[in-house]
Amino acid sequence: FEANAFTVILATKKLPFIKMLSRFIHLVFKVNEILRIKNTVNKQKVHTKHSNDAGVKLHRNCFQEKQRFLTDVLHEVMLLDGLSSSHPISQEVEQATDIDRVFDWIAYKKGAALIRMLANVMGRTLFQKGLNDYLLSHMYSNAARDDLWNKLTQAMRSEGRDIDIGEMMDRWTLQMGYPVITISKNQSQQLPTHYIIVTQEHFLYGQEVKKNLSLQWQVPLTVALGNSSSVYSERLLWINNNTEIHRLGRMDDNSWLLGNINQTGYFRVNYDLQNWKLLIQQLHTRPQVISVGNRAGLIDDAFNLARAGYLPQGVPLQLIGYLPEETSFLPWHAASRALYQLDKLLDRTDEYRLFSDYVLKQVASRYHQLGWPTYGPGTEASVLQASYQTEELQRELIMLACSFGNKQCHRQAVAFISDWISSNKNRIPPNIRDVVYCTGVSLMDEDVWEFIWMKFHSTSVVSEKKILLEALTCSDNTFLLNRLLNLSLTSDLVPEQDVIDVIIHVGRNPQGRNLAWKYFREKWDVLNARYGEALFMNSKLISGVTEFLNTDTELDELKDFIQSSGVGAGPALPRALEIVEGNVRWHRLHRRQFYQWLRKPPSSSLG
């Protein structure tokens with residue numbers, strides 16, 4: 001039988017679950033609305049009384065979920081789905097053991113992203129009408145994917161919109177991956193200046209991997225024109241072929257194009273280099289003209305397009321030069337995620353300081369402006385009244401500043417740890433404890449590691465225990481890292497469910513990457529016996545230990561390991577191999593250009 005995210009979610013006989021589904025889809029759909037009204041909300045001051053505290057917390061939690069859909073769902077799943085080892089979200093299931101293989105993060109998160117895209121294409125009213133008709137028609141019977149598409153198509157046609165939803169969505173659910181859409185101004189003298197050329201191709205991180213040229217999507221591309229003061233002429237274009245020409249508004253040399261408005265579509269957008277230059281100029285002069293969702297999207301697309309070789313390495317680096325003027329959390333969070341990936345590629349290279357100094361240059365002014373949160377008696381009300389945006393942005397900046405070596409950030413973290421040790425009172429604000437603990441362990445002596453180890457055993461708060469354990473993996477002392485690895489697997493001092501996290505986090509530490517990789521291979525039989533049947537856990541372990549390996553030697557070691565021990569790990573090992581091959585390839589093809597740009601960042605050149 002066929003299993004896919006839509007069928008399993010929608011083919012249910014239980015009415016309470018249907019209500020829950022409707023609420024979930026309502027939440028997904030509301031992402032766009034939240035992004036649109038975000039600027040208005042941020043300008044309003046929120047005055048709340050103690051009686052409204054619960055309401056404020058609930059509102060902030062909902063806002064957090066909706067805001068972070070872009071970075072924590074859309075951007076994250078596109079990393080996995082951009083690999084040649086990806087798979088469609090609709091797959092045939094022959095036996096029960098296939099279920100764990102089918103329902104991974106690609107199925108769940110891509111499913112959510114596609115529902116969001118579809119809801120935005122149809123519009124809220126029509127989408128809810130089609131969904132309600134579907135749920136009522138199949139309330140006490142079985143249903144398949146096509147039953148949903150048919151009801152949504154009927155809803156569209158009832159409003160005179162002749163779009164076959166099944167034909168459109170089958171391209172997205174029955175094919176792996178997603179396209180990169182390239183939008184260019186017409187350069188031909190034979191067409192007027194208000195025409196654009198749009199192409200689609202299968203996006204893959206591995207340029208050496210042969211693309212499947214037969215893959216095509218029906219792409220709902222929203223595209224707009226912009227200039228120094230506004231965005232205008234927004235239109236929805238349906239892209240069905242590899243190359244198409246479309247009429248837009250009249251453009252001059254200073255007009256720029258912007259695609260996938262608020263990132264409602266499940267695809268990446270690329271532009272000709274002149275358009276990238278104009279977008280970067282806009283971000284550096286008046287970034288608020290471009291919506292917050294699109295600022296985050298431009299950052300994510302630019303870094304990933306450069307990573308895959310579609311763009312010169314200087315484009316994303318020059319783009320984030322506007323960040324000192326960025327006041328919203330979402331673009332900073334998108335940048336932080338992209339920079340973290342680069343950090344792990346570069347943290348063992350000789351010229352790493354060029355990269356870390358460039359990041360700190362972008363972070364410094366906003367970090368010093370927002371400072372550190374206060375914590376103690378009488379601060380609870382002010383924390384409640386602080387906007388979610390400000391609190392999260394403050395945390396993001398502290399994390400970036402401490403991670404990349406800001407001296408003031410280091411001093412503050414050390415001061416917090418020293419005060420905790422001397423007074424035995426933890427006055428570190430809860431939302432930055434993970435950053436402070438990790439920074440303190442990495443900078444201070446072995447006594448601090450032992451202090452955190454002691455606190456890990458004495459606390460009964462599960463969330464605090466997890467943060468303390470991860471902090472222990474931040475040490476620069478390889479003896480302590482080895483000790484922690486051995487204790488995690490061979491004693492009952494570390495809970496069994498946390499062993500995988502210990503190994504992964506030691507591997508994320510540049511001082512511990514080789515240790516974790518060696519330990520993982522040596523202990524594979526034990527680990528596989530313990531976690532092998534839980535494919536999610538096994539996949540998490542394999543991915544976490546291998547994703548930042550990036551030398552030829554490490555690649556050869558991974559190949560040898562797969563050859564000798566690869567049976568039973570499902571798709572995780574082939575995916576790991578593809579990622580490590582991509583890391584090695586990036587170093588070979590792009591690292592030199594990357595560092596050349598950093599040594600002398602040109603004021604206008606994007607290369």
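Here the structure is a predicted model, which means the values were calculated and not measured.
The aromatic ring centroids of Trp524 and Phe561 lie less than 6.0 Å from each other. The distance between the ring centers of Phe203 and Tyr178 falls below 6.0 angstrom. Phe479 has its ring centre no less than 6.0 Å from the ring centre of Trp449.
Between Glu351 and Arg591, none of the side-chain N atoms (NZ, or NE/NH1/NH2) sits under 4.0 Å from a carboxylate O, so this pair counts as no salt bridge. Looking at Asp347 and Arg513, a side-chain N of the basic residue comes within less than 4.0 Å of a carboxylate O on the acidic one, giving a salt bridge. The pair Lys109-Asp72 does not count as a salt bridge, with every side-chain nitrogen at least 4.0 angstrom from each carboxylate oxygen.
A donor atom on one side chain and an acceptor atom on the other are found under 3.5 Å apart for Asn304 and Tyr205. Between the side chains of Asn538 and Asn528, at least one donor-acceptor pair of N or O atoms lies under 3.5 Å. Counting only N and O atoms by type, the side chains of Gln318 and His284 include no donor and acceptor under 3.5 Å apart. Of the N and O atoms on the side chains of Arg68 and His333, at least one donor lies less than 3.5 Å from an acceptor on the other residue. Judged purely by distance below 3.5 Å, without hydrogens or angles, the side chains of Trp256 and Gln282 pair a donor atom with an acceptor atom. A donor and an acceptor atom, one from each side chain of Asn583 and Arg307, are located under 3.5 Å apart.
The 12-atom threshold is not exceeded at CG of Asp253, counting heavy atoms of other residues, nucleotides or ligands nearer than 6.0 Å. The number of heavy atoms from other shown groups lying within 6.0 Å of CG (Asp445) is above 12.
Without hydrogens or angle criteria, Tyr367 side chain to Leu360 main chain gives no donor-acceptor distance under 3.5 Å.
Gln175 has its side chain out of reach of His202: every pair of non-hydrogen atoms, C-beta onward, lies at least 4.5 Å apart. At a threshold of 4.5 Å between non-hydrogen side-chain atoms, the residues Val494 and Leu489 do not count as touching.
Under the salt bridge (Lys or Arg N to Asp or Glu O under 4.0 Å) criterion, Glu581 pairs with no residue, sequence neighbours left out. Under the ring-ring contact (aromatic ring centres under 6.0 Å, His included) criterion, Phe416 pairs with Trp372, sequence neighbours left out. Not counting sequence neighbours, the partners of Tyr437 by the ring-ring contact (aromatic ring centres under 6.0 Å, His included) test are Trp420. By the side-chain hydrogen bond (donor to acceptor under 3.5 Å, both in side chains) test, Gln369 is found to be paired with Arg366, residues two or more places apart in sequence or in another chain being considered. For Phe548, the ring-ring contact (aromatic ring centres under 6.0 Å, His included) partners two or more places apart in sequence, or in a different chain, are Tyr340.
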Could you list the donor-acceptor pairs under 3.5 angstrom formed by side chains in residues 466-476, with sequence neighbours left out?
residue: Lys466; atom: NZ; partner: Asp501; partner atom: OD2; Å: 3.0
residue: Thr473; atom: OG1; partner: Glu470; partner atom: O; Å: 2.6
residue: Ser475; atom: OG; partner: Asn477; partner atom: N; Å: 2.9

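To the nearest 0.5 angstrom, Ile196 atom CD1 is 11.5 Å from Thr182 atom OG1. The structure places CZ of Phe267 at 12.0 Å from CH2 of Trp217, a figure rounded to the nearest 0.5 Å.
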